[in-house]
Amino acid sequence: MDHVDVCVAGAGIIGLSLALELRRRGRSVMVLEKGHAMRESSWAAAGMLAADDPELPSALREMAHLSVDLYPEFLNRIRSLSGHSVPVRTVETLLGAPLGSAHGVEGAPAAPSAALPPDELKAIEPILAPGNYAWKLIREASVNPRDLCVALPAALATPFQNVVIRMLEMAEWLPPSGPAESTRDGYVIHTPLGDTLATNVVDCRGAWADLSGDMGISGPTQFGPRKGQALSIELPAGMRLTRTIRTNEVYIVPRGDGRALIGATLEEAGYDKSVDDASIAALVASADVLVPGIAQGTILERWAGLRPLSADGLPVIGAVPGRPGCFIASGHFWDGILLAPATAHLMAQLICGETPSICLDAFDPARFCAMEAGNR
């Protein structure tokens, strides 16, 4: 039987970033994916590295800033291994909050402090119509996740000494009773290509992750998808955008090549990924209010993705209680691209027996045991 140090389920941005970090540490890794690498929420994302967004839960701020700090080395490593560059597409964001609003999520101010005066705003972004928003210019980068969708799998396909990376197209890997057949030496992973013994297993399946079988409880541990529709548009001739524009209703993320992403809806629609004309039209109309004339651009692509949301809205990162060698890193909602380098860094520390760089108590899977007990 083949043996690997770590078996990762899920080849999205979280799973592949973890594989990359474990690779750097000399661990052997097998990544299992039932579909195609980076083709779910990672492929559908906008790519804003929004560590200072007022809507980011306070529990995530330290991890978000750690991830932003790790991003340059993360992208450099991907480029050096794959030969594919993942450029930073924008470095600033104009953040708009409704005029007169007092508070945002978790008591954070919704209206940006030190809002830009109208003349200064006009000088920074002449084509922006301020509307009923107060605007603040913040330092916030964005990447195009489609660049990562090409480069990250290619980086993992590069031969690396003492490390085995195998991408397997599989129907499933986690039976209802747990992550795999448990033995004294680890977990037996059954695949169409034969069995593999893994010392550690990590569930990075996003909206398809499931702790209930591992912990013997139900309900609160389930991860649910939140559908988001978005579109890519070719900007009208002569229109130039160099900064992300974001409000609580819509965001416009320029790609630096005459295109921009406009997103996104937030829907409870199960695993449905259909796209409807009304939602796309509403997004374009909202964008056109902020940037008059953008609706005259050509729609290049429309899509929907499924954001992975946990029961309490925070990622689930850590060791699964009662399952030695079993870990989970899922539930990043709309912050998967932002949090990928930090999640990989912290999960690798846990798997390798090190103390994580930051406290992970808020993300501990064991919190759901207390939640379940409180519901009885």
Side-chain angles (χ1 to χ4, degrees), residues 5-10 12-25 27 29 41-42 49-53 55-71 73-74 105-106 179 199-207 209-212 214-215 217 220-224 307-374:
D5 294 319
V6 185
C7 177
V8 175
I13 183 71
I14 300 299
L16 294 192
S17 298
L18 175 57
L20 185 72
E21 177 62 18
L22 290 168
R23 231 178 113 119
R24 188 185 68 81
R25 291 166 169 263
R27 297 313 197 263
V29 182
S41 58
S42 305
L49 306 185
D52 292 314
D53 191 317
E55 302 238 347
L56 188 74
S58 58
L60 275 175
R61 294 194 181 278
E62 184 179 16
M63 185 177 175
H65 282 279
L66 171 63
S67 211
V68 168
D69 290 342
L70 292 172
Y71 241 98
E73 192 279 332
F74 174 65
V105 172
E106 297 188 3
T199 304
N200 302 282
V201 293
V202 190
D203 189 348
C204 298
R205 294 179 299 152
D210 182 9
L211 276 169
S212 58
D214 299 327
M215 299 167 64
I217 58 178
T221 62
Q222 298 300 313
F223 294 81
R307 308 177 184 96
L309 181 66
S310 72
D312 62 4
L314 293 176
V316 184
I317 300 170
V320 175
R323 306 284 296 191
C326 181
F327 299 85
I328 186 168
S330 289
H332 292 71
F333 197 28
W334 45 35
D335 296 310
I337 301 295
L338 165 65
L339 297 174
T343 300
H345 173 75
L346 297 165
M347 279 299 306
Q349 289 179 318
L350 284 174
I351 292 169
C352 295
E354 303 169 11
T355 301
S357 303
I358 64 174
C359 179
L360 295 177
D361 289 353
F363 317 119
D364 192 336
R367 72 189 191 268
F368 292 114
C369 294
M371 184 183 294
E372 174 72 5

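Worth saying up front: this structure is predicted, and the values here are computed from it rather than measured.
In terms of heavy-atom proximity, P57 sits nearest to L314 at CB-CD2, 4.0 Å. Across all non-hydrogen atoms, the minimal contact from G206 to F223 is O-CB, 4.0 Å. Heavy atoms only, all atoms of each residue included: E21 and A348 are closest at CG-CB, 3.5 Å. Between V68 and A51, the closest heavy-atom pair is CG2-CB, 3.8 Å. Shown here for C204 and V8, the closest heavy-atom pair between the two residues is SG-CG1, 3.9 Å.
In this structure, S42 OG and H332 NE2 are separated by 10.5 Å, a value rounded to the nearest 0.5 Å. Taking CG of L338 as the start and CD1 of I13 as the end, the distance is 11.0 Å to the nearest 0.5 Å. Within the model, atoms CG of L70 and CG of L339 stand 11.0 Å from one another, a figure rounded to the nearest 0.5 Å. The CD1 atom of I328 lies 11.5 Å from the CD1 atom of I14; values are rounded to the nearest 0.5 Å. Rounding to the nearest 0.5 Å places CG of D5 at 8.5 Å from CG of L22. Atom CE of M63 is separated from atom SG of C359 by 12.0 Å, given to the nearest 0.5 angstrom.
Side-chain contact between Y71 and I337 is present, with at least one heavy-atom pair separated by less than 4.5 Å. Using a 4.5 Å heavy-atom cutoff, the side chains of T343 and P315 are not in contact. The side-chain heavy atoms of P365 and P321, taken from C-beta on, include a pair separated by under 4.5 Å. Side-chain contact between L66 and L346 is present, with heavy atoms from C-beta onward closer than 4.5 Å. A heavy-atom distance below 4.5 Å is found between the side chains of L350 and L360. Side chains of L20 and F74 form a contact here, defined as non-hydrogen atoms less than 4.5 Å apart.
A donor-acceptor contact shorter than 3.5 Å is absent between the side chain of S41 and the backbone of P308. Under the 3.5 Å distance criterion, the side-chain polar atoms of R367 are matched with a main-chain donor or acceptor of F363. Side-chain N or O atoms of R61 include one that pairs as donor or acceptor with a backbone N or O of L56 at under 3.5 Å.
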Do V201 and C326 pass the side-chain contact (heavy atoms from CB on, under 4.5 Å) test, and can you show the C-alpha distance, the side-chain angles, and the key distance before you say yes or no? CA-CA 5 Å; V201 293; C326 181; 3.9 Å; yes
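If you run side-chain contact (heavy atoms from CB on, under 4.5 Å) between F327 and each of D203, V316, V320, V202, only V202 comes through.
Remark: E354 pairs with R25, Q349, C352 by the side chain to side chain contact (heavy atoms under 4.5 Å, CB included) rule, at least two apart or across chains.
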